[in-house]
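These notes are about the structure you will find just below.
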Amino acid sequence: MKLGVICDGISRDLTHTLDVMDEFGITYAELQFVWDAEVGDHSPQQVREMDALLRGRGVPVCCLSRHIFAGMTKDNVPGDALHVRHMEALKRVIGMAQVLGSPLVRIMTPRKEQILWGSHGAEKWNVAHGAWDAMLPLIAPAVDLARAEGVTLVVETGNGTMVNSAWTARRLIDDLGARDVLKVLWDPANACWCHEACFPEGYEVLRDGYIGHVHIKDVMVDTPKATLEVRPMGQGQLAGQYPQLAEALRAEDYAGVVSFESVYHPGDGDFEAGFRQNVGLFREIFG
């Protein structure tokens with residue numbers, strides 16, 4: 001499979017990150033924070049410099065990942081000041097993607113409301129009424145923009161966002177009628193928080209053409225204690241599921257990129273050391 005890495009998980013110094021990627025045979029660059037800024041906040045000159053550096057090293061960009069729509073709530077409406085800021089940022093990121101040749105641009109979703117649907121009493125007493133329906137018109141203009149600009153959006157299954165599972169990601173795409181231009185950036189570790197198993201449950205929900213990009217890390221969640229621990233690869237709750245997922249993706253000839261998300265450090269804040277500790281098993285499973 002095609003292997004990538006979220007570059008700032010190694011370093012925001014792109015030259016150094018490319019050196020490390022070359023050392024470990026990682027081909028694709030996913031850009032989130034580069035140098036002193038998040039993607040979409042770089043100057044045109046910086047984007048050209050980035051493009052020259054990446055093309056000069058023969059490294060394709062697989063995804064530009066800005067936190068579009070993250071932090072919004074069910075009280076935001078299309079066209080309000082915050083929504084306009086996110087849409088303007090999305091336009092900048094799409095322009096950057098067109099320069100760098102990135103086929104994908106990530107979006108997120110607004111803050112999570114815990115119970116979206118219910119029955120037998122829950123629909124009256126427990127559901128966050130209207131939260132899901134209020135989100136759809138916030139995302140719809142991004143879908144329209146992507147169609148017009150010829151790029152594909154990927155919505156991440158995030159921590160603390162309305163879409164936090166394979167199931168909710170697929171429902172968003174279906175509710176928007178956007179399978180042509182919106183795919184899932186599936187992060188199975190993030191979905192652990194809502195107790196959705198990666199394999200087979202999550203995979204079965206998304207296997208019918210919904211997956212556009214994949215993030216890989218390993219974690220241990222304790223939802224009652226509101227605690228999340230990033231674990232070394234193979235030592236978290238996804239250890240037994242990732243080999244099965246990799247086998248299934250190979251069997252269906254998955255054409256997208258699997259990006260290693262290097263968010264583990266060995267206790268000292270050194271994320272590059274965490275990458276070096278874990279990339280071998282990542283490559284063994286998904287390579």
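Only this structure's heavy atoms are used, side chains among them; waters, hydrogens and symmetry mates stay out. Just so you know, residue 1 is the first one in the sequence shown, and it goes up from there.
With rounding to the nearest 0.5 angstrom, the CD1 atom of Ile216 is 4.0 Å from the OH atom of Tyr242. Thr168 contributes atom OG1, which lies 10.0 Å from atom CD1 of Ile173 (distance to the nearest 0.5 angstrom). With values rounded to the nearest 0.5 angstrom, Leu100 atom CG is found 10.0 Å from His42 atom NE2. Between the OG1 atom of Thr161 and the CE atom of Met108 there is a distance of 5.0 Å, given to the nearest 0.5 Å. With rounding to the nearest 0.5 Å, the separation of CH2 in Trp186 from CG in Leu249 is 7.0 Å. In this structure, the separation between CZ on Phe286 and CG on Leu281 is 9.0 Å, given to the nearest 0.5 Å.
Sorted by first then second residue, the ring pair (Phe, Tyr, Trp, His ring centres under 6.0 Å) pairs that include residues 118-166, not counting sequence neighbours, are Trp117-Trp132. For residues 276-287, the salt bridge (Lys or Arg N to Asp or Glu O under 4.0 Å) pairs, not counting sequence neighbours, are Glu23-Arg276, Glu272-Arg276. The salt bridge (Lys or Arg N to Asp or Glu O under 4.0 Å) contacts involving residues 149-169 comprise Arg106-Glu156, where partners must be two or more places apart or lie in separate chains. The salt bridge (Lys or Arg N to Asp or Glu O under 4.0 Å) contacts involving residues 230-252 comprise Glu229-Arg231, where partners must be two or more places apart or lie in separate chains. Applying the salt bridge (Lys or Arg N to Asp or Glu O under 4.0 Å) rule to pairs touching residues 184-199 yields Asp187-Lys217, sequence neighbours excluded.
Both Met233 and Leu238 are members of a single hydrophobic cluster when ILVMFWY side chains are connected at heavy-atom separations under 4.5 Å. In this structure, Ile10 is not a member of the same hydrophobic cluster as Phe271, with clusters built from ILVMFWY side-chain heavy atoms closer than 4.5 Å. Two different hydrophobic clusters hold Phe33 and Phe275 under the rule that ILVMFWY side chains link at heavy-atom gaps under 4.5 Å. Linking ILVMFWY residues whenever their side-chain heavy atoms come closer than 4.5 Å, directly or via other members, leaves Phe282 and Val257 in distinct clusters. One hydrophobic cluster holds both Leu31 and Leu90 under the rule that ILVMFWY side chains link at heavy-atom gaps under 4.5 Å.
Residues Ala89 and Arg66 come closest through the heavy atom pair CB-NE, 3.4 Å. Smallest separation of non-hydrogen atoms from Ala146 and Leu153: CB-CG, 3.6 Å. The two residues Phe199 and Ala248 have their closest heavy-atom pair at CE1-CB, 3.6 Å. Here the shortest heavy-atom pairing between Ala189 and Val219 reads O-CG2, 3.8 Å. Contact between Pro78 and Pro137 at its shortest, heavy atoms only, is CG-O, 3.5 Å. Nearest heavy-atom pair across Val163 and Thr109 is N-OG1, 3.0 Å.
Side-chain contact between His83 and Asn76: absent, with no pair of heavy atoms (C-beta onward) separated by less than 4.5 Å. Contact check for Phe69 versus Met87: side-chain heavy atoms found under the 4.5 Å cut-off. You'll find the side chain of Tyr264 reaches within 4.5 Å of the side chain of Pro232, heavy atoms only. Side-chain atoms of Tyr203 and Gln244, non-hydrogen and from C-beta on, never get closer than 4.5 Å to each other. No side-chain heavy atom of Ser259 sits less than 4.5 Å from a side-chain heavy atom of Val5. No side-chain heavy atom of Gln241 sits less than 4.5 Å from a side-chain heavy atom of Pro188. Between Trp35 and Glu49 there is a side-chain heavy-atom pair separated by less than 4.5 Å. Considering only heavy atoms from C-beta on, Gln46 comes within 4.5 Å of Asp36 through its side chain.
Contacts of Lys91 classified as salt bridge (Lys or Arg N to Asp or Glu O under 4.0 Å), with partners at least two apart in sequence or in another chain: Glu88. Checked against salt bridge (Lys or Arg N to Asp or Glu O under 4.0 Å), Asp174 has the following partners two or more places apart in sequence or in another chain: Arg170. Every residue two or more places apart in sequence or in another chain that forms a side-chain contact (heavy atoms from CB on, under 4.5 Å) with Asn159 is listed here: Asn190, Trp193, Leu228. Shown here are the salt bridge (Lys or Arg N to Asp or Glu O under 4.0 Å) partners of Glu201, two or more places apart in sequence or in another chain: there are none. By the salt bridge (Lys or Arg N to Asp or Glu O under 4.0 Å) test, Arg207 pairs with Glu204, sequence neighbours left out.
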>> Run the side-chain contact (heavy atoms from CB on, under 4.5 Å) test on Met21 and Cys7 for me, step by step, so that the C-alpha distance in whole Å, both residues' side-chain angles and the decisive distance to 0.1 Å come before the verdict.
In response: CA-CA 9 Å; Met21 289 171 62; Cys7 289; 4.0 Å; yes

> Passes side-chain contact (heavy atoms from CB on, under 4.5 Å), Leu172 versus Met135? Steps please.
Replying inline: CA-CA 9 Å; Leu172 176 67; Met135 175 184 63; 3.7 Å; yes

> Is there a side-chain contact (heavy atoms from CB on, under 4.5 Å) between Asp208 and Arg179 once you walk through the steps?
Replying inline: CA-CA 11 Å; Asp208 188 23; Arg179 287 192 65 174; 4.1 Å; yes

Would you tabulate the side-chain donor-acceptor contacts of residues 51-65 under 3.5 Å, counting partners in other chains and residues two or more places apart, or write 'none'?
| unit_1 | atom_1 | unit_2 | atom_2 | d |
| --- | --- | --- | --- | --- |
| Asp51 | OD1 | Arg55 | NE | 2.5 |
| Asp51 | OD1 | Arg55 | NH2 | 3.4 |
| Asp51 | OD2 | Arg55 | NE | 3.1 |
| Arg55 | NH2 | Val99 | O | 3.1 |
| Arg57 | NH1 | Asp19 | OD1 | 3.2 |
| Arg57 | NH2 | Leu18 | O | 3.4 |
| Arg57 | NH2 | Asp19 | OD1 | 2.8 |
| Ser65 | OG | Glu30 | OE2 | 2.6 |

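Remark: side-chain polar atoms of Thr73 are not paired, donor with acceptor, to backbone N or O of Arg111 under 3.5 angstrom.
Hydrophobic side-chain contacts under 4.5 Å tie Val154 into a cluster, directly or through other members, with Leu104, Leu185.
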